[in-house]
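Reading through the structure tokens given below for one structure.
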Number of protein chains: 2
Amino acid sequence: MNLALIKEKITNCGLKFTHQRMVIFLALTKSESHPSAEQVYEEIKGSNPSISIATVYKTLDSFVQAGLLRKTIDQNGVMRFDSKLDAHSHLYCKTSHEIRDYENEKLEKLLQDFIESNDFDGYEIDEINVVFKGHKREKTIN
Amino acid sequence: MNLALIKEKITNCGLKFTHQRMVIFLALTKSESHPSAEQVYEEIKGSNPSISIATVYKTLDSFVQAGLLRKTIDQNGVMRFDSKLDAHSHLYCKTSHEIRDYENEKLEKLLQDFIESNDFDGYEIDEINVVFKGHKREKTIN
DNA sequence: CTCAATGCAAAGACTTTGCATTGAT
DNA sequence: ATCAATGCAAAGTCTTTGCATTGAG
């Protein structure tokens, strides 16, 4: 994603465009691992040594409010951020706490159909979270 | 659930049977709302005024380790405990943070089939979490 | 008796808040 | 010039830990 596009995204939702916001947004779009605030902070320190962890939290929260990011909470209660906005599920490794996207159109369609054709006892469902949990298999030689 | 059965469950997994454990286990089996440690603590204070919140945390953790309870983390990063052990999903109200069981055999079968017939890119899946999120509809008069 | 369980207080991890300063528009 | 964004430190929330005491087996 180029810088002009990032600036546009940030500006379009009424947020001022700052260096910090750009760097944070860039870190998120580049990451595959659904980083925590702390991990974003570590990642961007190089390109912005004076940035504060509070700014990272505030910025991530602004982005979530603006719909530019999604937030989830992992098994350890730590906030994790996801720049992928379309419907998808997740794989969670109980050992490494890594979170990876799991994209499967059939599954998402299955779930969407399920929501539409079932009653949820007075709940208006607007979001579904699916996490497949397990352990990453060791790579076998051969 | 009667007390003898609870005692048996606790004893069977190698844990000593104490008043605190009984009261905590009882509170969990009676609750429908997937309480937090704090909520369990508030609930049982009456029947055991001297109990410590640390004991509640330690006991809940022992029960989870022993497989007597399940633990999840809610949207706020707070640990929630579930005494229902068979496969089921959850409804989460974004307003009240209430968590309710959502039991639907077809859904669970669908998911189980999905796990068995798909590849998860090197992950050995042993658990699936499904949470339907939304808002509880106001009851309409009429 | 013995060793695990408990209770207390202190520490820890993560996140939020208040407020003075800085910077984008 | 204005008002939002930033940076810092302090406070807050939830959870874990250390250790002396208690109690179940």
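Here is how names work: the chains are called A, B, and so on, in the same order as the sequence lines, proteins then strands, and each is numbered from 1.
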Q | B:N76 CG to C:dT15 P, straight-line distance once rounded to whole Å | A | 12 Å
Q. Do the rings of B:Y92 and B:H97 sit parallel, tilted or perpendicular, given the 30° and 60° boundaries?
A. tilted
Q. Does any donor atom in the side chain of B:K133 or B:Q75 lie under 3.5 Å from an acceptor atom in the other side chain?
A. yes
(Q) Distance check needed: C:dA5 P versus B:F63 CZ, whole Å only. (A) 10 Å
Q. How long is the line joining CG of B:D74 and C1' of D:dC14, in whole Å?
A. 11 Å
Q: Quickly work out the B:Y41 OH to D:dC14 C1' distance and round it to whole Å.
A: 14 Å
Q.
I want to know whether A:Y123 and B:F132 have ring centres closer than 6.0 Å.
A. no
Q. Is the closest side-chain donor-acceptor distance between A:E116 and A:Q112 under 3.5 Å?
A. yes
Q | Nucleotide C:dT16, atom C1' - distance to CG of A:D61 in whole Å | A | 10 Å
Shorter than 3.5 Å, N or O on both sides, protein versus nucleotides 6-8 of chain D: list them out with atom names.
unit_1	atom_1	unit_2	atom_2	d
D:dT6	OP1	A:T18	OG1	2.6
D:dT6	O3'	A:Q20	NE2	2.8
D:dG7	OP1	A:Q20	NE2	3.1
D:dG7	OP2	A:S52	N	3.3
D:dG7	OP2	A:T55	OG1	3.0
D:dG7	O6	A:K58	NZ	2.7

**Q.** Polar side chain donor-acceptor pair, B:D82 to B:H88, under 3.5 angstrom
**A.** yes
Q. Given axes from five pairs at either end, by how many degrees does the helix from C:dC1-D:dG25 to C:dT25-D:dA1 bend, rounded to 10°?
A. 40°
Q. Quick one: is C:dT16 close enough that its OP1 or OP2 comes under 4.0 Å of any side-chain N or O from A:Y57?
A. no
**Q.** Interatomic distance, A:K16 NZ vs D:dT2 P [rounded to whole Å]
**A.** 13 Å
Q) Of B:K7 and B:M79, whose closest DNA chain D nucleotide lies nearer the 5' terminus? A) B:M79
(Q) Do the side chains of B:D101 and B:K84 get close enough for a salt bridge, i.e. N-O under 4.0 angstrom? (A) no
Q.
Please report the distance, rounded to the nearest Å, between CD1 in B:I10 and C1' in D:dA24.
A. 13 Å
Q. Given atom CD1 of A:I53 and atom P of C:dA13, what is their separation to the nearest angstrom?
A. 14 Å
Q: For the pair B:I99 and B:L91, evaluate side chain to side chain contact (heavy atoms under 4.5 Å, CB included) and give the outcome as yes or no after the intermediate values.
A: CA-CA 6 Å; B:I99 297 175; B:L91 295 177; over 6 Å; no
Q: Considering only NZ, NE, NH1 and NH2 on the basic side and carboxylate oxygens on the acidic side, decide whether A:D121 and B:K136 come within less than 4.0 Å.
A: no
Q) If you count the non-hydrogen atoms of other residues, nucleotides and ligands that lie under 6.0 Å from CD in A:E127, is the total more than 12? A) yes
